[in-house]
Amino acid sequence: MTDTLIFDSDWLTPEQIQMDGKTINYLAAHDIQYVQHPVAPIQRLNVFVPAAYENGGTVNGYTRDTAPIFMPNTVGGYFPGPADDPTRTQWPNNAATIKQALKRGYVVIAAGLRGHTTVNEAGQRVGQAPAFIVDMKAAVRYVKYNQARLPGNVERIITNGTSAGGATSALMGASGNAKFFEGALTSLGAAPATDDIFAVSAYCPIHNLEHADMAYEWQFNGINDWNRSQPVAGSMKNGRPKFESITGTLSANDQSLSADLKRQFCDYLNGLQLHDANGQALTVSPDGTGTFQNYLVQLLTDSAQSALDKGVDIHKYAGFTVTNGKVTGLDLKAYLTSLTRMKAVPAFDQLDLGSLENRLFGDATVLNRHFTSFSQEHTTVPAQLAETELVEAVNPLTYLTGKQSAKIAQHWRIRHGAADRDTSFAIPIILATVLQNQGQDVDFALPWDIPHSGDYDLGELFAWIDGLFR
């Protein structure tokens, strides 16, 4: 191993930020190369350490050696996720999250990760799957390799992300030390260390892509009008595009495809052999009803009740029956209709190869690929099908269901907003339930009236992390 992967503590220099009228002092090291043979400039990370640890002090009960290592990412839409910074203002960033984490006493390490638009110096695409997770694993390996030189407890690494970043966090937790990625990590010159982690924080993870279209139609089948926002071409400001609203209605052919996908979901879900905390089997009947749907209704009812107890008018959405201050019923179809469908059919593996996920599975020569046999069979454009092994490798469920072996994180916090339409509620429920059925520690909820977003409950998130150490 060459010295290029050795962290030098002299790189840490004093910095400070203002938050809530108070000064937070910390040490920072920027722009650190975390692999020996990077293929893109984004493959660098930043380190942030509470200043108190420099002189043997404590923060929130933590010391330099015991502090959790919090590793957030800025991935969204499987685009590149630049290394974050508490002073970063350009989108995407989670600067507020890093500030709060430092105040809480965590060591924060933010790595830049490739995405499907990443190119190398020669202009070749180098960011398609599995690049995003290979980079995250390489960053974790760099941290562990430098355990004697970096502040923080490398046995207590917690990842955090939203949307595709949530999927990145979840995949890290599920695929620790998985053999599939070894070749890519070796090619990059990743540090000789492990990449399993201690805990996962995942907000609305866009994952399980090969089954996401089925799940979406199980949820929204029969709701034919859709609406969503899309970026306006040439409207970038501060790194972020402006968005415009577009609407549509499913054609007769779309509705037929929706019904087919819904039927496929029933077979998939039942094959997982899930059960709830009481041991009741969670299944779906051919018409889409069943104990799994009842479980979703209960989760949404619990979310609505929590909001109602706080004085929130839950009738912003249709379908709820309230009696004497208690939510006593939910018409799921009415609720989903008022929530509205966001995507056409298929939701992710689009027949014209137009989705961001289609780009994720391209390569240096082919821009987009299908990643389900269903869409390949119904494609409306000339198309190739991504290799099954690759598609499965970037799905956390592959490791959790035993298709490939890996070391799984012990603790999971998964949040998917009750107003999130980007993927089916079934997708995060399946993830959480599989973990629970395996005996993992899982904190799962559908927060009321929260759309597709993350880091909206940092106090609760950090209280959860602190609870793992108390």
Side-chain angles (χ1 to χ4, degrees), residues 129-130 132-133 136-137 159 164 166-182 195-200 202 204-219 261-284 290-293 295-296 299 348-349 357 360-361 371-374 386-414 416 423-444:
F132 71 98
I133 191 65
M136 191 70 205
K137 285 176 174 290
T159 57
T168 303
S169 184
L171 185 54
M172 280 299 302
S175 67
N177 312 323
K179 292 182 179 179
F180 179 88
F181 306 101
E182 285 298 333
D195 55 58
D196 56 288
I197 60 172
F198 176 68
V200 170
C204 53
I206 297 294
H207 71 290
N208 200 355
L209 296 175
E210 60 265 50
H211 303 109
D213 291 332
M214 305 174 191
Y216 205 81
E217 297 317 313
W218 168 76
Q219 178 169 315
L261 286 165
K262 177 183 176 180
R263 284 190 289 269
Q264 289 186 20
F265 177 76
C266 296
D267 293 337
Y268 167 65
L269 188 282
N270 293 338
L272 292 173
Q273 299 183 322
L274 304 178
H275 59 82
D276 65 15
N278 297 318
Q280 180 185 42
L282 298 176
T283 61
V284 178
T291 53
F292 184 78
Q293 185 185 79
Y295 184 46
L296 168 59
L299 288 168
F348 294 91
D349 192 357
E357 290 77 18
L360 176 65
F361 291 105
F371 49 90
T372 66
S373 57
F374 182 91
E387 294 180 2
T388 299
E389 186 180 20
L390 171 61
V391 178
E392 291 181 344
V394 296
N395 181 356
L397 272 295
T398 295
Y399 309 94
L400 300 179
T401 56
K403 287 185 178 180
Q404 293 187 31
S405 62
K407 186 173 181 180
I408 300 171
Q410 303 173 45
H411 307 283
W412 295 69
R413 186 178 192 269
I414 304 167
H416 183 98
T423 194
S424 168
F425 293 123
I427 294 300
I429 292 174
I430 289 169
L431 174 62
T433 305
V434 168
L435 287 162
Q436 290 166 340
N437 289 176
Q438 294 182 354
Q440 305 296 338
D441 172 34
V442 183
D443 183 333
F444 175 67

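- Although no hydrogens or angles enter the test, the distance criterion places a donor-acceptor pair under 3.5 Å between the side chain of Gln219 and the main chain of Phe425.
- Side-chain N or O atoms of Thr398 include none that pairs as donor or acceptor with a backbone N or O of Lys403 at under 3.5 Å.
- When side chains are defined from C-beta on, Tyr216 does not count as touching Ile427, because their heavy atoms never get closer than 4.5 Å.
- Considering all non-hydrogen atoms of both residues, Ala129 and Val394 come closest at CB-CG1, 4.4 Å.
- The two residues Ser405 and Tyr399 make their nearest non-hydrogen contact at O-CD2, 4.3 Å.
- No donor-acceptor pair under 3.5 Å is formed between the side chain of Tyr295 and the backbone N or O of Thr283.
- Shortest non-hydrogen contact noted between Ala174 and Pro396 is CB-O, 3.6 Å.
- Heavy atoms only, all atoms of each residue included: His207 and Ala212 are closest at O-CB, 4.3 Å.
- In this structure, Gln273 CD and Leu282 CG are separated by 12.0 Å, a value rounded to the nearest 0.5 Å.
- A donor-acceptor contact shorter than 3.5 Å is absent between the side chain of Asn177 and the backbone of Ala406.
- Interatomic distance, CZ of Phe132 versus CE of Met172, reported as 11.0 Å (0.5 Å rounding).
- Atom CD of Gln293 is separated from atom CD1 of Ile429 by 10.5 Å, given to the nearest 0.5 angstrom.
- Phe348 contributes atom CZ, which lies 13.5 Å from atom NE2 of His211 (distance to the nearest 0.5 angstrom).
- When all heavy atoms of Ala167 and Pro205 are compared, the closest pair comes out as N-CB, 3.5 Å.
- When side chains are defined from C-beta on, Leu431 does not count as touching Asn208, because their heavy atoms never get closer than 4.5 Å.
- Side-chain atoms of Leu209 and Asn395, non-hydrogen and from C-beta on, never get closer than 4.5 Å to each other.
- For the atom pair CD (Gln440) and CD (Gln410), the distance works out to 7.5 Å, reported to the nearest 0.5 Å.
- The 12-atom threshold is not exceeded at CD of Glu387, counting heavy atoms of other residues, nucleotides or ligands nearer than 6.0 Å.
- Residues Ala281 and Thr291 approach most closely at O-OG1, 2.7 Å, considering heavy atoms.
- Checking side-chain atoms of Ser169 against main-chain N and O of Val200 turns up no donor-acceptor pair under 3.5 Å.
- Between Gln404 and Ser175, the closest side-chain pair of non-hydrogen atoms is not below 4.5 Å.
- Side-chain contact check for Phe292 versus Leu272: every heavy-atom pair is 4.5 Å or farther apart.
- By the ring pair (Phe, Tyr, Trp, His ring centres under 6.0 Å) test, Phe181 pairs with no residue at all, sequence neighbours left out.
- Atom CD of Glu182 has more than 12 heavy atoms from other residues, nucleotides or ligands within 6.0 Å.
- For the atom pair CG of Asn437 and CG of Asp276, the computed distance is 8.5 Å after rounding to the nearest 0.5 Å.
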Could you please spell out the steps behind the side-chain contact (heavy atoms from CB on, under 4.5 Å) verdict for Asp195 and Met136? CA-CA 9 Å; Asp195 55 58; Met136 191 70 205; over 6 Å; no

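- Inter-residue side-chain proximity for Phe371 and Leu390 is flagged as unmet; no heavy-atom pair is nearer than 4.5 Å.
- Side-chain atoms of Asn278 do not come within 3.5 Å of backbone N or O of Gln280 as any donor-acceptor pair.
- Residues Thr433 and Phe444 fail the side-chain proximity criterion, which asks for heavy atoms closer than 4.5 Å.
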Step by step, work out the side-chain contact (heavy atoms from CB on, under 4.5 Å) result for Leu400 and Gln438. CA-CA 8 Å; Leu400 300 179; Gln438 294 182 354; 4.2 Å; yes

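- Of the residues Thr372, Ile206, Asp349, Asp213, the one that meets the side-chain contact (heavy atoms from CB on, under 4.5 Å) test with Glu357 is Ile206.
- Applying the salt bridge (Lys or Arg N to Asp or Glu O under 4.0 Å) test to pairs two or more places apart or on separate chains, those with a residue in residues 430-443 are Arg415-Asp443.
- With sequence neighbours excluded, the residues that form a ring pair (Phe, Tyr, Trp, His ring centres under 6.0 Å) with Phe265 are Trp218.
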